[in-house]
Amino acid sequence: MFSKERLHNELLQSTNMTAVELRAWLRTDIAPITVANYKDAPSLDQSNRLLMILMKSTDELTKTDCFFIQSILQRIKYLKNNRSTDRYARLDWENSLRNLGYDIKKQVKTIKKAKAYY
């Protein structure tokens, strides 16, 4: 079966956009165009459902949510591994990942080590 906590943590690690950032992205004019232009793009219904799941805590997840998370994790992994070779489709590929809560251009935040005082 699956562990809700493990799946939720894996989803949060696989996506680098917060629920607020994903919501703002989905409200742009570009998100629906990506769905129309790129065959592997997730539907806007899937993206909105993902948004609702990102706003939930682990305890609030249902069995259906967990199955959906598994499919989204597979979709993210698939899109990351199958980068578009066509120059004209590269932007749609990046935007498809954004529709799933992963922004390629977003910098990974590094945690500064605290200085140790002896």
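The two residues Ser14 and Lys80 come nearest to each other via the heavy atoms O-NZ, 4.0 Å. For the pair Asn82 and Trp93, the tightest heavy-atom approach, listed with the atom from each and the gap, is O-NE1, 3.5 Å. Scanning all heavy atoms of the two residues, the minimum distance from Arg49 to Phe68 falls at NH1-CD1, 3.6 Å. Closest heavy-atom contact between Lys4 and Leu61: NZ-O, 3.2 Å. The minimum heavy-atom distance between Arg75 and Pro42, with the atom names listed, is NH1-CA, 3.3 Å.
Hydrophobic cluster membership differs between Leu26 and Leu91, with clusters built from Ile, Leu, Val, Met, Phe, Trp and Tyr side chains linked at under 4.5 angstrom. Leu12 and Val20 sit in two unconnected hydrophobic clusters of ILVMFWY residues. Membership requires side-chain heavy atoms under 4.5 Å apart, directly or through other members.
Between Leu22 and Thr15, the closest side-chain pair of non-hydrogen atoms is not below 4.5 Å.
Other residues, nucleotides and ligands contribute over 12 non-hydrogen atoms within 6.0 Å of the CD atom of Glu60. Residue Arg23 places its CZ atom among 12 or fewer non-hydrogen atoms of other residues, nucleotides or ligands, all under 6.0 Å distant. Atom NZ of Lys77 has 12 or fewer neighbouring heavy atoms from other residues, nucleotides or ligands inside a 6.0 Å radius. For Met55, the CE atom is densely surrounded, since the number of other residues' heavy atoms within 6.0 Å is greater than 12.
In this structure, the separation between CG on Asn16 and CG on Leu97 is 9.5 Å, given to the nearest 0.5 Å. Rounded to the nearest 0.5 angstrom, Glu94 CD and Tyr102 OH are separated by 11.0 Å. The line from CG of Leu79 to CD1 of Ile104 is 9.0 Å long, rounded to the nearest 0.5 Å.
For Thr34, the side chain to side chain contact (heavy atoms under 4.5 Å, CB included) criterion is met by Ile30, Ala41, Asp92, Asn95, Ser96, Asn99, not counting sequence neighbours.
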Step by step, work out the side-chain contact (heavy atoms from CB on, under 4.5 Å) result for Thr18 and Glu21. CA-CA 5 Å; Thr18 64; Glu21 291 171 328; 3.3 Å; yes

As a quick check of understanding, evaluate side-chain contact (heavy atoms from CB on, under 4.5 Å) for Leu11 and Ile53, giving each step before the final call. CA-CA 10 Å; Leu11 177 68; Ile53 289 174; 3.9 Å; yes

